[in-house]
2 protein chains.
Amino acid sequence: MRQPLDPDMFDELCPSALSPFRVGDKWAGMIIRCLEHGPRRFSELRVPLRGITAKVLTQSLRALERDGLITRTTHDEPVRRVEYGLTPLGRSILGPMAVMCDWAQEHWEELLEAREAFPPLGHAG
Amino acid sequence: MRQPLDPDMFDELCPSALSPFRVGDKWAGMIIRCLEHGPRRFSELRVPLRGITAKVLTQSLRALERDGLITRTTHDEPVRRVEYGLTPLGRSILGPMAVMCDWAQEHWEELLEAREAFPPLGHAG
DNA sequence: CAGTATCCTGCTTGATACTG
DNA sequence: CAGTATCAAGCAGGATACTG
(Lines give C-alpha, C1' and ligand atoms only; values in the text may rest on other atoms or scores of the structure.)
Protein backbone atom coordinates (compact mmCIF):
# COMPACT_ATOMS: atom_id res chain seq x y z
CA MET A 1 0.00 0.00 0.00
CA ARG A 2 0.91 3.66 -0.34
CA GLN A 3 2.26 3.06 -3.79
CA PRO A 4 1.26 5.86 -6.15
CA LEU A 5 -1.89 5.41 -8.17
CA ASP A 6 -1.48 4.61 -11.81
CA PRO A 7 -2.40 7.69 -13.82
CA ASP A 8 -3.65 5.47 -16.62
CA MET A 9 -5.73 3.43 -14.26
CA PHE A 10 -8.98 4.60 -15.73
CA ASP A 11 -8.07 5.32 -19.25
CA GLU A 12 -11.10 5.78 -21.35
CA LEU A 13 -10.61 2.49 -23.10
CA CYS A 14 -10.09 0.55 -19.91
CA PRO A 15 -12.88 -1.95 -19.33
CA SER A 16 -13.02 -0.70 -15.77
CA ALA A 17 -15.00 2.16 -17.20
CA LEU A 18 -17.69 -0.46 -17.51
CA SER A 19 -17.74 -0.45 -13.75
CA PRO A 20 -20.69 -2.00 -11.96
CA PHE A 21 -22.31 1.36 -11.61
CA ARG A 22 -22.42 2.48 -15.18
CA VAL A 23 -22.91 -0.31 -17.65
CA GLY A 24 -26.25 0.90 -18.81
CA ASP A 25 -28.98 3.39 -18.23
CA LYS A 26 -31.45 3.68 -15.41
CA TRP A 27 -33.61 0.81 -16.59
CA ALA A 28 -31.10 -1.56 -18.14
CA GLY A 29 -30.55 -3.72 -15.08
CA MET A 30 -34.22 -4.01 -14.33
CA ILE A 31 -35.07 -4.96 -17.90
CA ILE A 32 -32.47 -7.70 -17.88
CA ARG A 33 -33.86 -9.09 -14.67
CA CYS A 34 -37.34 -9.04 -16.16
CA LEU A 35 -36.11 -11.26 -18.97
CA GLU A 36 -34.35 -13.65 -16.65
CA HIS A 37 -37.01 -16.35 -16.83
CA GLY A 38 -37.85 -16.15 -20.48
CA PRO A 39 -38.79 -13.72 -23.24
CA ARG A 40 -41.34 -11.00 -22.64
CA ARG A 41 -43.45 -8.76 -24.79
CA PHE A 42 -43.12 -5.00 -24.92
CA SER A 43 -46.33 -4.45 -22.99
CA GLU A 44 -45.42 -7.10 -20.44
CA LEU A 45 -42.27 -5.21 -19.58
CA ARG A 46 -44.20 -2.05 -18.87
CA VAL A 47 -46.03 -3.68 -15.97
CA PRO A 48 -43.20 -4.12 -13.46
CA LEU A 49 -41.37 -1.06 -14.78
CA ARG A 50 -44.13 1.17 -13.58
CA GLY A 51 -43.86 4.69 -14.77
CA ILE A 52 -41.65 3.97 -17.73
CA THR A 53 -42.98 5.50 -20.91
CA ALA A 54 -43.07 3.68 -24.23
CA LYS A 55 -40.41 5.99 -25.56
CA VAL A 56 -37.95 5.39 -22.76
CA LEU A 57 -38.57 1.66 -22.75
CA THR A 58 -37.93 1.57 -26.49
CA GLN A 59 -34.72 3.53 -26.05
CA SER A 60 -33.47 1.21 -23.33
CA LEU A 61 -34.39 -1.90 -25.28
CA ARG A 62 -32.64 -0.60 -28.41
CA ALA A 63 -29.51 0.16 -26.40
CA LEU A 64 -29.47 -3.32 -24.92
CA GLU A 65 -30.10 -4.81 -28.33
CA ARG A 66 -27.29 -2.78 -29.87
CA ASP A 67 -24.93 -4.02 -27.17
CA GLY A 68 -25.84 -7.61 -27.94
CA LEU A 69 -27.49 -8.26 -24.58
CA ILE A 70 -31.03 -8.87 -25.79
CA THR A 71 -32.80 -9.99 -28.93
CA ARG A 72 -35.92 -8.59 -30.54
CA THR A 73 -38.30 -10.86 -32.40
CA THR A 74 -41.42 -9.74 -34.19
CA HIS A 75 -44.34 -12.04 -34.87
CA ASP A 76 -46.81 -10.53 -37.29
CA GLU A 77 -49.81 -12.58 -36.39
CA PRO A 78 -53.39 -11.33 -36.38
CA VAL A 79 -52.16 -8.86 -33.79
CA ARG A 80 -48.62 -7.62 -33.73
CA ARG A 81 -46.37 -9.26 -31.16
CA VAL A 82 -42.78 -8.37 -30.34
CA GLU A 83 -40.76 -10.39 -27.90
CA TYR A 84 -37.54 -9.54 -26.16
CA GLY A 85 -35.19 -12.14 -24.75
CA LEU A 86 -31.67 -12.47 -23.44
CA THR A 87 -28.77 -13.43 -25.66
CA PRO A 88 -26.04 -15.68 -24.26
CA LEU A 89 -24.09 -12.51 -23.57
CA GLY A 90 -27.08 -11.06 -21.77
CA ARG A 91 -27.48 -14.20 -19.74
CA SER A 92 -23.82 -14.12 -18.81
CA ILE A 93 -24.31 -10.94 -16.85
CA LEU A 94 -27.05 -12.35 -14.64
CA GLY A 95 -24.49 -13.86 -12.28
CA PRO A 96 -22.56 -10.64 -11.64
CA MET A 97 -25.84 -8.78 -11.31
CA ALA A 98 -27.10 -11.23 -8.72
CA VAL A 99 -23.90 -10.78 -6.73
CA MET A 100 -24.37 -7.03 -6.72
CA CYS A 101 -28.06 -7.30 -5.84
CA ASP A 102 -27.26 -9.65 -3.00
CA TRP A 103 -24.85 -7.06 -1.68
CA ALA A 104 -27.55 -4.43 -1.94
CA GLN A 105 -30.09 -6.59 -0.11
CA GLU A 106 -27.62 -7.30 2.62
CA HIS A 107 -26.34 -3.76 3.15
CA TRP A 108 -29.31 -1.68 2.15
CA GLU A 109 -30.18 -0.79 5.72
CA GLU A 110 -26.65 0.07 6.72
CA LEU A 111 -26.57 2.49 3.87
CA LEU A 112 -29.87 4.10 4.85
CA GLU A 113 -28.75 4.40 8.45
CA ALA A 114 -25.52 6.06 7.41
CA ARG A 115 -27.52 8.50 5.35
CA GLU A 116 -29.76 9.46 8.22
CA ALA A 117 -26.81 9.95 10.53
CA PHE A 118 -25.27 12.39 8.06
CA PRO A 119 -24.29 15.13 8.46
CA PRO A 120 -23.04 14.84 12.03
CA LEU A 121 -23.62 18.59 12.55
CA GLY A 122 -26.35 20.97 11.51
CA HIS A 123 -29.83 19.47 11.47
CA ALA A 124 -32.03 22.50 11.12
CA GLY A 125 -35.51 22.38 9.66
CA MET B 1 -41.28 -19.76 -17.03
CA ARG B 2 -43.98 -17.68 -18.69
CA GLN B 3 -45.39 -16.82 -15.31
CA PRO B 4 -46.55 -13.22 -15.21
CA LEU B 5 -44.12 -10.62 -13.94
CA ASP B 6 -44.72 -9.29 -10.46
CA PRO B 7 -46.01 -5.73 -10.77
CA ASP B 8 -44.31 -4.86 -7.49
CA MET B 9 -41.05 -6.35 -8.62
CA PHE B 10 -39.31 -3.04 -8.72
CA ASP B 11 -41.10 -1.11 -6.09
CA GLU B 12 -39.25 2.01 -5.22
CA LEU B 13 -38.20 0.65 -1.87
CA CYS B 14 -36.99 -2.63 -3.28
CA PRO B 15 -33.25 -3.01 -2.86
CA SER B 16 -33.14 -4.15 -6.46
CA ALA B 17 -33.32 -0.49 -7.29
CA LEU B 18 -29.74 -0.52 -6.10
CA SER B 19 -29.02 -2.63 -9.11
CA PRO B 20 -25.44 -3.03 -10.28
CA PHE B 21 -25.89 -0.22 -12.71
CA ARG B 22 -27.07 2.54 -10.48
CA VAL B 23 -25.57 2.43 -7.01
CA GLY B 24 -23.70 5.63 -7.39
CA ASP B 25 -22.71 8.32 -9.78
CA LYS B 26 -20.30 8.26 -12.66
CA TRP B 27 -17.18 8.32 -10.50
CA ALA B 28 -18.27 6.36 -7.43
CA GLY B 29 -16.98 3.00 -8.58
CA MET B 30 -13.66 4.38 -9.70
CA ILE B 31 -13.13 6.25 -6.46
CA ILE B 32 -13.76 3.14 -4.43
CA ARG B 33 -11.27 1.22 -6.49
CA CYS B 34 -8.71 3.98 -5.97
CA LEU B 35 -9.05 3.50 -2.23
CA GLU B 36 -8.77 -0.26 -2.42
CA HIS B 37 -5.16 -0.40 -1.26
CA GLY B 38 -5.24 2.28 1.40
CA PRO B 39 -6.31 5.85 2.08
CA ARG B 40 -5.60 8.59 -0.42
CA ARG B 41 -5.50 12.35 -0.36
CA PHE B 42 -7.83 14.57 -2.33
CA SER B 43 -5.15 15.58 -4.79
CA GLU B 44 -3.96 11.99 -5.17
CA LEU B 45 -7.40 10.97 -6.33
CA ARG B 46 -7.43 13.58 -9.04
CA VAL B 47 -4.49 11.93 -10.80
CA PRO B 48 -6.09 8.71 -12.04
CA LEU B 49 -9.50 10.35 -12.36
CA ARG B 50 -8.22 12.56 -15.08
CA GLY B 51 -10.60 15.24 -16.09
CA ILE B 52 -12.57 15.27 -12.89
CA THR B 53 -12.94 18.74 -11.45
CA ALA B 54 -12.50 19.54 -7.78
CA LYS B 55 -16.18 20.27 -7.51
CA VAL B 56 -17.33 16.98 -8.93
CA LEU B 57 -14.77 15.01 -6.95
CA THR B 58 -15.96 16.70 -3.78
CA GLN B 59 -19.57 15.93 -4.63
CA SER B 60 -18.82 12.29 -5.27
CA LEU B 61 -16.73 11.94 -2.13
CA ARG B 62 -19.45 13.56 -0.01
CA ALA B 63 -22.06 11.23 -1.46
CA LEU B 64 -19.93 8.19 -0.69
CA GLU B 65 -19.24 9.50 2.79
CA ARG B 66 -22.93 10.14 3.41
CA ASP B 67 -23.69 6.57 2.38
CA GLY B 68 -21.13 5.24 4.83
CA LEU B 69 -18.81 3.85 2.21
CA ILE B 70 -15.80 6.05 2.85
CA THR B 71 -14.34 8.12 5.68
CA ARG B 72 -12.86 11.59 5.58
CA THR B 73 -10.02 12.55 7.92
CA THR B 74 -8.43 15.97 8.12
CA HIS B 75 -4.92 16.51 9.41
CA ASP B 76 -4.23 20.16 10.01
CA GLU B 77 -0.48 20.04 9.90
CA PRO B 78 1.74 22.78 8.48
CA VAL B 79 -0.04 22.14 5.26
CA ARG B 80 -3.60 20.95 5.15
CA ARG B 81 -4.08 17.23 4.48
CA VAL B 82 -7.33 15.36 3.99
CA GLU B 83 -7.41 11.62 3.57
CA TYR B 84 -10.17 9.42 2.30
CA GLY B 85 -10.42 5.73 3.08
CA LEU B 86 -12.88 2.86 2.85
CA THR B 87 -15.16 1.93 5.71
CA PRO B 88 -15.91 -1.75 6.37
CA LEU B 89 -19.10 -1.22 4.40
CA GLY B 90 -17.10 0.30 1.57
CA ARG B 91 -14.69 -2.58 1.64
CA SER B 92 -17.57 -5.04 1.51
CA ILE B 93 -18.53 -3.88 -1.95
CA LEU B 94 -15.10 -4.53 -3.45
CA GLY B 95 -15.95 -8.18 -4.03
CA PRO B 96 -19.15 -7.57 -5.99
CA MET B 97 -17.41 -4.83 -7.92
CA ALA B 98 -14.57 -7.13 -8.86
CA VAL B 99 -17.07 -9.68 -10.14
CA MET B 100 -18.70 -7.08 -12.33
CA CYS B 101 -15.37 -5.75 -13.57
CA ASP B 102 -14.22 -9.25 -14.41
CA TRP B 103 -17.35 -9.66 -16.47
CA ALA B 104 -16.60 -6.40 -18.25
CA GLN B 105 -13.02 -7.41 -18.97
CA GLU B 106 -14.17 -10.73 -20.32
CA HIS B 107 -17.02 -9.49 -22.50
CA TRP B 108 -15.89 -6.01 -23.41
CA GLU B 109 -15.00 -6.99 -26.93
CA GLU B 110 -18.17 -8.94 -27.59
CA LEU B 111 -20.07 -5.83 -26.63
CA LEU B 112 -18.06 -3.61 -28.94
CA GLU B 113 -18.46 -6.04 -31.80
CA ALA B 114 -22.21 -6.16 -31.28
CA ARG B 115 -22.27 -2.39 -31.39
CA GLU B 116 -20.43 -2.22 -34.65
CA ALA B 117 -22.67 -4.80 -36.24
CA PHE B 118 -25.71 -2.73 -35.32
CA PRO B 119 -27.92 -1.80 -37.01
CA PRO B 120 -28.07 -4.71 -39.44
CA LEU B 121 -29.42 -2.39 -42.16
CA GLY B 122 -28.56 1.11 -43.21
CA HIS B 123 -24.91 1.93 -42.91
CA ALA B 124 -24.58 5.15 -44.84
CA GLY B 125 -21.71 7.56 -44.38
C1' DC C 1 -3.73 21.99 -0.26
C1' DA C 2 -8.54 21.21 -0.35
C1' DG C 3 -11.92 22.86 -1.32
C1' DT C 4 -16.46 26.58 -2.49
C1' DA C 5 -19.31 29.65 -5.58
C1' DT C 6 -21.36 30.56 -9.97
C1' DC C 7 -22.72 29.80 -14.27
C1' DC C 8 -23.62 26.83 -18.09
C1' DT C 9 -24.57 22.81 -21.20
C1' DG C 10 -25.91 18.34 -22.67
C1' DC C 11 -28.06 14.21 -21.75
C1' DT C 12 -31.43 11.52 -19.69
C1' DT C 13 -36.05 11.15 -18.49
C1' DG C 14 -40.74 12.13 -19.15
C1' DA C 15 -45.61 13.96 -20.89
C1' DT C 16 -48.41 14.07 -24.67
C1' DA C 17 -50.12 13.15 -29.08
C1' DC C 18 -50.01 10.45 -33.14
C1' DT C 19 -49.18 5.98 -36.41
C1' DG C 20 -48.47 1.29 -39.07
C1' DC D 1 -50.11 -3.80 -30.09
C1' DA D 2 -45.80 -1.62 -30.44
C1' DG D 3 -44.13 1.77 -31.26
C1' DT D 4 -42.55 7.21 -33.25
C1' DA D 5 -42.51 12.41 -33.03
C1' DT D 6 -42.27 16.45 -30.54
C1' DC D 7 -41.69 19.27 -26.77
C1' DA D 8 -40.25 20.24 -22.09
C1' DA D 9 -37.98 19.74 -17.53
C1' DG D 10 -34.33 18.34 -14.32
C1' DC D 11 -30.17 17.17 -13.02
C1' DA D 12 -25.52 15.43 -13.37
C1' DG D 13 -21.39 16.98 -14.98
C1' DG D 14 -18.14 20.46 -16.08
C1' DA D 15 -15.52 25.32 -16.86
C1' DT D 16 -13.89 28.99 -14.47
C1' DA D 17 -12.78 31.91 -10.75
C1' DC D 18 -12.13 32.51 -5.94
C1' DT D 19 -10.96 31.18 -0.65
C1' DG D 20 -9.45 29.44 4.30
Side-chain angles (χ1 to χ4, degrees), chain A residues 4-5 10 12 17 19-31 34-35 39-67 70-85 118-122, chain B residues 4-5 10 12 17-19 21-31 34-35 39-67 70-85 118-122:
Chain A
L5 293 172
F10 294 111
E12 272 207 283
S19 84
F21 305 108
R22 285 273 156 172
V23 174
D25 59 31
K26 176 175 174 182
W27 304 96
M30 296 194 257
I31 290 172
C34 285
L35 300 177
R40 302 290 176 182
R41 307 177 57 168
F42 187 85
S43 48
E44 275 183 292
L45 288 172
R46 297 192 66 181
V47 177
L49 272 34
R50 289 176 299 184
I52 197 173
T53 62
K55 189 195 107 184
V56 173
L57 179 54
T58 301
Q59 282 176 355
S60 301
L61 288 169
R62 290 287 183 280
L64 289 169
E65 193 191 354
R66 195 190 54 217
D67 286 352
I70 67 173
T71 58
R72 176 175 179 278
T73 323
T74 61
H75 310 268
D76 272 345
E77 294 156 3
V79 308
R80 183 142 193 248
R81 222 179 77 223
V82 180
E83 283 204 323
Y84 295 89
F118 195 87
L121 305 171
Chain B
L5 293 172
F10 294 111
E12 271 208 282
L18 268 184
S19 85
F21 305 108
R22 283 274 155 175
V23 173
D25 58 34
K26 177 176 174 183
W27 304 97
M30 296 192 256
I31 290 172
C34 285
L35 301 177
R40 300 289 176 182
R41 305 176 58 167
F42 187 85
S43 48
E44 276 184 292
L45 289 172
R46 296 192 67 180
V47 177
L49 273 34
R50 289 176 300 184
I52 197 172
T53 62
K55 187 196 111 183
V56 172
L57 179 55
T58 301
Q59 281 176 357
S60 301
L61 288 169
R62 290 285 183 282
L64 289 170
E65 193 192 353
R66 195 189 54 216
D67 286 353
I70 68 174
T71 57
R72 177 176 179 276
T73 322
T74 61
H75 309 267
D76 272 342
E77 296 156 3
V79 308
R80 183 141 192 247
R81 222 179 78 225
V82 180
E83 285 204 324
Y84 295 89
F118 195 87
L121 304 172

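First the proteins, then the strands, lettered A, B, ... as listed; each starts at 1.
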Calculate, to the nearest 0.5 Å, the distance between atoms [atom1] and [atom2] belonging to [X] and [Y] respectively.
X: B:Gln59; Y: B:Thr53; atom1: CD; atom2: OG1; value: 7.5 Å
X: A:Leu35; Y: A:Glu83; atom1: CG; atom2: CD; value: 10.0 Å
X: A:Trp27; Y: A:Leu61; atom1: CH2; atom2: CG; value: 12.0 Å
X: B:Arg72; Y: B:Leu64; atom1: CZ; atom2: CG; value: 13.5 Å

Q: Please work out if A:Arg72 contacts a base, only the sugar-phosphate, or nothing of the nucleic acid, heavy-atom cut-off 4.0 Å.
A: sugar-phosphate
Q) Base, sugar-phosphate, or nothing for A:Arg62, non-hydrogen atoms under 4.0 angstrom? A)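 Sugar-phosphate only.
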Q: Kindly point out which of C:dG3, D:dC1, D:dG3 is positioned nearest to the side chain of A:Val82?
A: D:dG3
Where do [X] and [Y] come nearest, in terms of heavy atoms and distance?
X: A:Leu5; Y: B:Cys34; answer: CD2-O, 3.7 Å
X: B:Tyr84; Y: B:Ile70; answer: CD2-CD1, 3.9 Å
X: A:Arg80; Y: A:Arg41; answer: O-NH2, 3.5 Å

Q. Given that A:Thr58 and A:Val79 both sit by DNA chain D, which one's nearest nucleotide is further toward the 5' end?
A.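 It is A:Val79, whose closest nucleotide lies nearer the 5' terminus.
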(Q) In this structure, which stretches of DNA chain D are paired as stems of three or more consecutive Watson-Crick or G-U pairs, both distances less than 3.5 Å? (A)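 DNA chain D stems, ordered by first number: C:1-20 with D:1-20.
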Could you tell me the separation between the [atom1] atom of [X] and the [atom2] atom of [N], rounded to a whole number of Å?
X: A:Leu57; N: D:dA2; atom1: CG; atom2: C1'; result: 10 Å
X: B:Leu45; N: C:dA2; atom1: CG; atom2: P; result: 9 Å
X: B:Glu44; N: C:dA2; atom1: CD; atom2: C1'; result: 13 Å
X: B:His75; N: C:dG3; atom1: NE2; atom2: P; result: 12 Å
X: B:Ile31; N: D:dA12; atom1: CD1; atom2: C1'; result: 14 Å
X: A:Arg40; N: D:dC1; atom1: CZ; atom2: C1'; result: 17 Å
X: A:Asp76; N: D:dA2; atom1: CG; atom2: C1'; result: 10 Å

**Q.** N/O (side chain, B:Arg41) to phosphate O (OP1/OP2, C:dC1) under 4.0 Å
**A.**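 For C:dC1, neither OP1 nor OP2 has a side-chain N or O of B:Arg41 closer than 4.0 Å.
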Q. Side chain of B:Arg46, backbone of B:Ile52: donor and acceptor closer than 3.5 Å?
A. yes
(Q) Between A:Phe118 and B:Asp67, is the side chain to side chain contact (heavy atoms under 4.5 Å, CB included) condition met? List the steps. (A) CA-CA 8 Å; A:Phe118 195 87; B:Asp67 286 353; over 6 Å; no
Could you pull out the protein-nucleic contacts involving nucleotides 14-20 of chain C (nitrogen or oxygen on both sides, under 3.5 Å)?
{"from": "C:dG14", "atom 1": "OP1", "to": "A:Lys26", "atom 2": "NZ", "distance (Å)": "3.3"}
{"from": "C:dG14", "atom 1": "OP2", "to": "A:Trp27", "atom 2": "NE1", "distance (Å)": "3.4"}
{"from": "C:dG14", "atom 1": "N7", "to": "A:Lys55", "atom 2": "NZ", "distance (Å)": "3.0"}
{"from": "C:dG14", "atom 1": "O6", "to": "A:Lys55", "atom 2": "NZ", "distance (Å)": "2.1"}

